[in-house]
Amino acid sequence: MDAFKQLAELIFPEIQETVGDLEKRYPPRNLKETAQVTRFAPSPTGFLHTGSLFTAMVAKKVAKDSGGIFFLRLEDTDTKREVSGSGEQLISQLAEFGITLDEGFLGDRDTGGYGPYRQSKRASIYKVVIKHLLANNLAYPCFCSTEELDTLRKTQEEQKVVPGYYGKYATCRYLSPEESIVKIKEGQPYVIRFRSKGDHFRKTLIRDLIRGEINIAENDIDIVILKSDGLPTYHFAHVVDDHFMHTTVVTRGEEWISSLPIHVEIFNAIGWKAPEYAHLPLIMKLENGNKRKLSKRKDEEAAVSFFIEDGYPPRAVMAYLMSIANSNFEEWTEKSNIYDIDKFTFNLDKMSLDGALFDLDKLTFFAKEVIARMSAHRLASLSKKWAINHAPELLDLINRNTDYYEQILNIEREKENPRKDFAKYSDIYSHIRFFYHDHYLNLVSVDLPFDERITKDKVISFLRGFMKANDYTLDNDDWFLSLKEIALISGFAPNNKEYKNNLDKYIGHVGDAAEILRISLTGSKNSPNLWAILQVLGQEEAEKRLNYVIEKLR
RNA sequence: GGUCCUAUGGUCAAGCGGCUAAGACGCAACCCUCUCAAGGUUGAAUCGCGGGUUCGAUUCCCGCUAGGAUCACCA
């Protein structure tokens with residue numbers, strides 16, 4: 001046995017499998033030629049980031065539009081930063097936005113034949129490959145301490161040379177296998193590094209699906225592939241996992257471009273075919289006139305939980321994200337009149353290359369469109385679902401009478417040009433609470449904002465006249481005609497023009513009368529269509545309110 | 001700082017050698033109107049700079065500038 005094999009054997013005596021065995025265990029997928037296999041590979045370090053949702057959306061679209069497979073792999077090799085339970089949260093949040101998986105990590109279990117799908121459970125797989133690398137002198141143990149590495153970096157910075165563990169600075173790469181064996185036997189701690197054969201001064205052309213050819217210097221750094229805790233680093237895990245899981249297109253943020261040479265080199269060194277890469281633009285935020293990456297710490301919209309908590313319809317969030325990804329999506333929604341990204345044909349070529357600034361106004365626009373197109377029934381059920389977790393005060397109203405709630409939501413809905421006053425479920429409560437008597441009483445307990453030009457007596461007389469004459473069975477148009485007549489009796493002109501021409505003859509116009517009614521019924525100067533409100537309230541409740549106002553004024 | 005990526009209105013962007021430089025969001029005005037939310041009409045607002053190439057550059061090339069990303073036993 002040669003010394004490299006001995007070294008490999010010493011480090012991984014328990015590993016008996018070979019790379020060939022793994023190839024057999026994870027055979028090529030049985031898919032048609034054009035089908036793409038993509039994945040979303042988050043690390044469980046906290047909440048789902050908006051940028052990650054964007055990446056996941058694109059990955060899923062690429063797979064599904066090509067009849068392929070979309071899977072999720074949990075990259076949990078950083079045990080220090082791991083937030084327990086966030087892996088489960090990740091997939092449930094993904095599901096809220098309609099990102100479901102064909103296979104992969106499901107929280108309590110995995111599904112699919114290429115697992116395990118969490119990297120912490122794949123340690124033995126990585127070790128098989130590393131043992132192979134070690135035996136072939138493609139990797140070596142490194143005994144440098146973090147302190148030594150730090151001083152190396154400092155001196156490199158002082159000497160103004162490219163920092164890093166490479167070439168002559170990579171002292172452990174010159175250790176003979178025999179020397180390494182001695183050190184290991186002495187019990188010295190170590191990591192495993194990849195032995196790079198690259199030349200920093202030589203450039204290679206790498207193809208990116210959305211950026212075209214990228215000209216980057218080769219990697220010459222002997223990167224760590226196995227940490228002292230026995231888990232691989234991202235670079236190595238990515239190569240091994242995407243090889244055995246047969247990923248065909250890797251979609252990830254553009255921050256990965258610079259490490260592309262590392263990944264390509266490792267694929268080549270092992271003799272594997274690298275997947276195609278699509279590096280997605282980052283979602284940015286404007287701060288002090290400068291763009292920056294959307295930050296989880298500073299920006300509430302950076303975590304998707306923000307949209308969930310505020311009650312933005314997930315479909316609207318996805319539509320917004322898709323409009324960033326493919327700007328022709330918006331055009332498509334106008335034609336198709338739906339906002340379902342699953343029905344849209346996504347195109348990687350149409351991705352823009354620089355990071356979009358997150359635009360809450362635009363999301364609001366999408367959200368209003370999406371909600372306006374829902375049936376009252378659907379809105380009622382979705383908003384109720386949301387309220388259960390996020391808005392007890394709204395839930396209270398809903399639970400009093402679901403039918404009534406639905407009637408309220410149905411005002412000026414389910415027609416050609418529906419109302420667009422809700423962008424998110426959290427907007428609902430303040431808009432509708434006046435429909436509930438106890439809330440109404442609270443709202444009108446303060447001063448009623450009646451127009452000062454009109455005396456209390458006139459208000460009262462109009463309200464009385466209205467109660468006496470109003471016909472609740474009329475349709476909208478006829479009702480307003482009748483309101484004009486009722487108002488005229490109390491001295492209101494039937495229209496503004498008539499009023500302006502005869503200022504001394506009238507106390508106001510029908511609009512003023514409507515305002516009095518509106519304030520009396522809702523406590524506010526602004527509300528949806530009065531006729532619709534009266535329909536929902538019903539005669540009894542309406543009169544109760546009008547009488548209440550009359551009493552209050554007297 | 002090295003390296004890489006990017007560069008059209010405030011934002012998202014179409015454009016791919018010749019156009020009065022699309023469209024959407026936002027903004028403004030007007031119209032409609034019982035208020036609001038809408039809807040309709042109109043408007044303001046863009047090719048970062050400098051060199052080339054070309055009869056002609058927003059478009060192709062180079063440089064500059066600006067912004068971004070990245071340089072860990074984090075992903």
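What you see below is based on every heavy atom in this structure, not just the backbone, and it leaves out hydrogens, waters and symmetry mates. Lettering of chains follows the sequences in order, A, B, ..., and the numbering in each one begins at 1.
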Ionic contact status for A:Asp241 with A:Arg122, cut-off 4.0 Å: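 Yes, charged N to carboxylate O under 4.0 Å.
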Lys/Arg-Asp/Glu bridge criterion (N-O < 4.0 Å) met for A:Lys420, A:Glu369: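 Result for this pair is yes, salt bridge flagged.
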Parallel, tilted or perpendicular: rings of A:Phe462 and A:Phe466 (30°, 60°):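 Aromatic pair A:Phe466/A:Phe462 classed tilted.
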I want to verify a distance call: between [options], whose nearest atom is closest to the [X] side chain?
| X | options | result |
| --- | --- | --- |
| A:Lys80 | B:C36, B:C25, B:C74 | B:C74 |
| A:Phe365 | B:U6, B:C34, B:C25 | B:C25 |
| A:Arg153 | B:U3, B:U35, B:A72 | B:A72 |
| A:Glu254 | B:G68, B:A75, B:U3 | B:G68 |
| A:Glu412 | B:C34, B:C25, B:A37 | B:A37 |
| A:Phe480 | B:U3, B:C34, B:C74 | B:C34 |
| A:Ser352 | B:C73, B:A13, B:A69 | B:A13 |
| A:Leu357 | B:A13, B:U11, B:C34 | B:U11 |

Do [X] and [Y] have ring centres separated by under 6.0 Å?
| X | Y | result |
| --- | --- | --- |
| A:Phe434 | A:His439 | no |
| A:Tyr320 | A:Phe358 | yes |
| A:Phe492 | A:Tyr506 | no |
| A:Trp531 | A:Tyr472 | no |

Hey, does the side-chain of [X] have a donor or acceptor N/O within less than 3.5 Å of a partner on the base of [N]?
| X | N | value |
| --- | --- | --- |
| A:Ser527 | B:C36 | no |
| A:Arg211 | B:C5 | no |
| A:Lys368 | B:A38 | no |

Distance, rounded to the nearest Å, where [X] contributes [atom1] and [N] contributes [atom2]:
| X | N | atom1 | atom2 | result |
| --- | --- | --- | --- | --- |
| A:Ile214 | B:U70 | CD1 | P | 15 Å |
| A:His279 | B:A75 | NE2 | C1' | 13 Å |
| A:Phe466 | B:C34 | CZ | C1' | 12 Å |
| A:His431 | B:A37 | NE2 | P | 9 Å |
| A:His200 | B:C71 | NE2 | P | 14 Å |
| A:Ile454 | B:C34 | CD1 | C1' | 13 Å |
| A:Asn326 | B:A24 | CG | C1' | 15 Å |
| A:Ile283 | B:G67 | CD1 | P | 22 Å |

Residue closer to the 5' end of RNA chain B, A:Ser327 versus A:Val191 (nearest nucleotide):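 Counting from the 5' end, the first nearest nucleotide belongs to A:Ser327.
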Nearest-nucleotide comparison on RNA chain B, the residue closer to the 5′ end among A:Glu334 and A:His235: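 Its nearest nucleotide being more 5', the pick is A:Glu334.
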In whole angstrom, give me the gap between the [atom1] atoms of [N] and [M].
| N | M | atom1 | value |
| --- | --- | --- | --- |
| B:G10 | B:C47 | C1' | 16 Å |
| B:U54 | B:U11 | P | 36 Å |
| B:G2 | B:U58 | P | 31 Å |
| B:C5 | B:C61 | P | 13 Å |
| B:G43 | B:U35 | P | 27 Å |
| B:A69 | B:C60 | P | 25 Å |
| B:A24 | B:G39 | P | 12 Å |
| B:A29 | B:A44 | P | 15 Å |

Ranges pairing with ranges for RNA chain B, where each run has three or more Watson-Crick or G-U pairs under 3.5 Å: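 Stem segments, range with range: B:1-7 with B:65-71, B:10-12 with B:23-25, B:27-31 with B:39-43, B:48-52 with B:60-64.
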OP1 or OP2 of [N] under 4.0 Å from side-chain N/O of [X]:
| X | N | value |
| --- | --- | --- |
| A:Arg193 | B:C73 | yes |
| A:Thr77 | B:A75 | yes |
| A:Lys227 | B:A75 | yes |

Close approaches to RNA chain B from residues 417-430 of chain A, in residue order (heavy atom, under 4.0 Å):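 Those residues are A:Asn417, A:Pro418, A:Arg419, A:Lys420, A:Asp421.
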Touch class at under 4.0 angstrom, heavy-atom based, for A:Trp531 against every strand present: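 Answer is nothing: A:Trp531 stays at 4.0 Å or more from every strand.
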Touch class at under 4.0 angstrom, heavy-atom based, for A:Asn526 against every strand present: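 Base, at least one base atom sits under 4.0 Å.
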Flag, side chain of A:Asn529 to backbone of A:Ala532, donor-acceptor distance under 3.5 Å: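 At least one qualifying donor-acceptor pair exists.
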A:Asp76 side chain to A:Ser120 backbone, donor-acceptor under 3.5 Å: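 A pair under 3.5 Å: yes.
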Lys/Arg cation over aromatic A:Tyr339: A:Arg373, 6.0 Å, 45° cone: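 Relative to the ring axis of A:Tyr339, which defines the angle, A:Arg373 lies outside at least one limit.
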Residues A:Tyr405 and A:Ser383: side-chain donor-acceptor under 3.5 angstrom: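 Judged by distance alone, the side chains do pair up.
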Gap separating the CG atom of A:Leu260 from the OH atom of A:Tyr277, nearest 0.5 angstrom: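 Result: 6.0 Å between the selected atoms.
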Partner residues of A:Arg518 under the salt bridge (Lys or Arg N to Asp or Glu O under 4.0 Å) criterion, sequence neighbours left out: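 A:Arg518: no salt bridge (Lys or Arg N to Asp or Glu O under 4.0 Å) contacts found.
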Verify stack between A:Tyr234 ring and B:C74 base, 5.5 Å, 30 degrees: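 Answer is no, no stack.
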